[in-house]
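Here is the structure we will look at.
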Number of protein chains: 2
Amino acid sequence: MSSQPVLDGVALNEIDLDRHSRASLTKKRTRIQVEKERSILDAALEEFSTFGFRGATIDQIASRAGMTKPNLLYYFRRKQDIYLAVLRRTLDMWLRPLEALEADGHPPKEILAYINRKLELSRDNPTASRLFALEILQGAPVLGEVLGGQLKLLVDQKAAVIRRWAEEGRIAPIDPYHLIFMIWATTQHYADFEVQIRALLGAAISDSEQFDTAKATLSTIFMDGVLTGNRHG
Amino acid sequence: MSSQPVLDGVALNEIDLDRHSRASLTKKRTRIQVEKERSILDAALEEFSTFGFRGATIDQIASRAGMTKPNLLYYFRRKQDIYLAVLRRTLDMWLRPLEALEADGHPPKEILAYINRKLELSRDNPTASRLFALEILQGAPVLGEVLGGQLKLLVDQKAAVIRRWAEEGRIAPIDPYHLIFMIWATTQHYADFEVQIRALLGAAISDSEQFDTAKATLSTIFMDGVLTGNRHG
DNA sequence: AAGGATTCTGACCATTTGGTCAAAAGAAAC
DNA sequence: GTTTCTTTTGACCAAATGGTCAGAATCCTT
């Protein structure tokens, strides 16, 4: 495999400590600072999610945010800082659906609800999904520590819940981790491979008709599979 | 969305016509040409699948292939040419599993066999999977025409087969396109998000134990879903 | 062994890109 | 309105990168 890192492995928590901008930090953030940082991060999300860390350029991000490169670099000293800030801003949103999986709910309903939350996220924030996809695809140079830390903790916990459901016979006896992978894969696919889906379907997941069909298909397969039979009726 | 193309939209078929190398083309290809081109494309697959088109550098590809940059450029004049050649070399392999789906087979068995072929491909050629994933994620600047052409033809045809199965009641009544998407998503996930899977599982899909568990989970879900019940037994 | 074709290389060039800086322009406080 | 702090900009730099080229080295045929 490749050894050359795209970006030095910097933990997400380190950002706060680092003074990553030239804008004053001692006092409270200015109105202008808040506005500009937001529009920079919006622009950066678009660029990074399309071209990846290396492929995106500061010039393009600045241009998309309607400012000049040195002006942007007044708010974020280095390209890495922008990338880290974007990832950080998006991470919580990304983990929330799994966090909401309730151990004491009705197992099939909980799983279905989780699938739907993820599918909605793919529809409403496809760029965020692509940002993470690109980061992971390229070996997670930045998120690497998060994967083995924060994410693993959460997934281990929820996998234990699902495993118990299976042991109690409330769902089929399947591996909880691979079930979670399947849910991630199928839902995020609609965001990450949007171009392909649009080419084959003539419409993306943002189209409400396609969204409904996707939702129905996922429900059927995850609940009943493709086999015919009258299990419940 | 973004308008800036990573690479000019060049159809895959155009490559053959273009003289894309300085090496002689009039006569038959030399032993050295065959060998070097192969090792260049091997190296290029690694680099492109890790860093994407923009992120990969000719220097790195050359270095990985054990030659100097000008030497590499003797075989492929431009970076694009290498990228196109790699995509082309990998495309057929990628489409074959779906092509092998037989209309007159036993529907559930055909679907299962297709899933297994795709899963094996993810295990045996993860870099190829990542190459396509990166290309699609970035808007398919090169494969764009293939998606709406060759791939769409194939998928439309196989979707029709699956639709008939559903209409005849031989599988559950589900949308064939979304079923195909689910199969792509779940199987390719193991290649594309290998880093994440390794972080959470401590092992990749190349690990035979994980492969078996993945295969079993996919089989169960795609056939029966998560609901418990004694449909066939 | 000779000679022509093929392959390989170092030196080089132009462009892109991340990043700096001094100073101008603009807000905000008084 | 003046002063002080914040924001913006053009000019600039160094490194990385795609690509060229003339000539040297190597291979292959006879």
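Remember, it's a predicted structure, so these values are computed and weren't measured experimentally. Chain A is the first sequence line, chain B the second, and so forth, proteins listed ahead of strands; every chain is numbered from 1. As a basis for the values below, the full set of heavy atoms in this structure was taken, side chains included, without hydrogen atoms, waters or symmetry mates.
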Would you indicate, yes or no, if [N] has its OP1 or OP2 atom less than 4.0 angstrom from a side-chain nitrogen or oxygen of [X]?
| X | N | answer |
| --- | --- | --- |
| A/Thr68 | D/dT9 | yes |
| A/Gln33 | D/dT6 | no |
| A/Tyr74 | D/dT8 | no |

field: ring pair (Phe, Tyr, Trp, His ring centres under 6.0 Å) involving B/Tyr177 - partner list, sequence neighbours excluded
entry: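 Residues passing ring pair (Phe, Tyr, Trp, His ring centres under 6.0 Å) with B/Tyr177: none at all.
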
- prompt: With B/Phe222, which residues qualify under ring pair (Phe, Tyr, Trp, His ring centres under 6.0 Å), at least two apart?
  reply: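 Not a single residue meets the ring pair (Phe, Tyr, Trp, His ring centres under 6.0 Å) criterion with B/Phe222.
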
Euclidean distance, atom [atom1] of residue [X] to atom [atom2] of [N] [Å, nearest integer]:
| X | N | atom1 | atom2 | value |
| --- | --- | --- | --- | --- |
| A/Glu47 | C/dT16 | CD | P | 16 Å |
| B/Arg29 | C/dA5 | CZ | C1' | 18 Å |
| A/Met67 | D/dT7 | CE | C1' | 10 Å |
| A/Phe51 | C/dT16 | CZ | C1' | 15 Å |
| B/Asp59 | C/dC12 | CG | P | 17 Å |
| A/Phe76 | C/dG18 | CZ | P | 16 Å |
| B/Asn71 | D/dC21 | CG | P | 17 Å |
| B/Glu35 | C/dT7 | CD | C1' | 13 Å |

field: Distance-only polar pair, side chains of A/Glu135 and A/Tyr83, donor-acceptor under 3.5 Å
entry: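 Yes, because at least one side-chain N or O of A/Glu135 sits under 3.5 Å from a partner of the opposite role on A/Tyr83.
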
query: When every nucleotide of nucleotides 19-30 of chain C is labelled 5' to 3' by its protein contacts under 4.0 Å (heavy atoms), B for base, S for sugar-phosphate only, - for none, what sequence of letters results?
result: BBB------S--

task: Looking only at non-hydrogen atoms, find the nearest pair between A/Ile136 and B/Val195 and report the distance.
output: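 Scanning both residues completely, I find the closest heavy atoms to be O-CG2, 4.1 Å.
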
- request: Just call it for A/Tyr75: base, sugar-phosphate, or nothing, with non-hydrogen atoms closer than 4.0 Å on any strand.
  value: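 Counting heavy atoms under 4.0 Å across all strands, the contact made by A/Tyr75 is with sugar-phosphate only.
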
- request: Give one of base, sugar-phosphate or nothing for B/Ala56, where a contact means two heavy atoms less than 4.0 Å apart.
  value: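 Sugar-phosphate, no base atom in range.
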
- prompt: Can you pull the salt bridge (charged side-chain N to carboxylate O under 4.0 Å, His left out) pairs that have at least one residue in residues 112-125 of chain A, sequence neighbours excluded?
  reply: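 For residues 112-125 of chain A, and leaving out neighbouring residues, there are no salt bridge (charged side-chain N to carboxylate O under 4.0 Å, His left out) pairs at all.
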
side-chain hydrogen bond (donor to acceptor under 3.5 Å, both in side chains) against B/Ser129, all qualifying residues, sequence neighbours excluded: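 Here the qualifying residues are B/Asp192.
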
message: Checking A/Glu99 now: which residues fulfil side-chain contact (heavy atoms from CB on, under 4.5 Å) with it, not counting sequence neighbours?
response: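 Scan of A/Glu99 (side-chain contact (heavy atoms from CB on, under 4.5 Å), adjacent residues dropped) gives A/Leu95, A/Arg96, A/Leu154.
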
message: Closest-nucleotide mapping onto DNA chain D: is A/Leu72 or B/Gly55 further toward the 5' terminus? I mean the 5' end.
response: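 Checking each residue's closest nucleotide, the 5'-ward one belongs to A/Leu72.
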
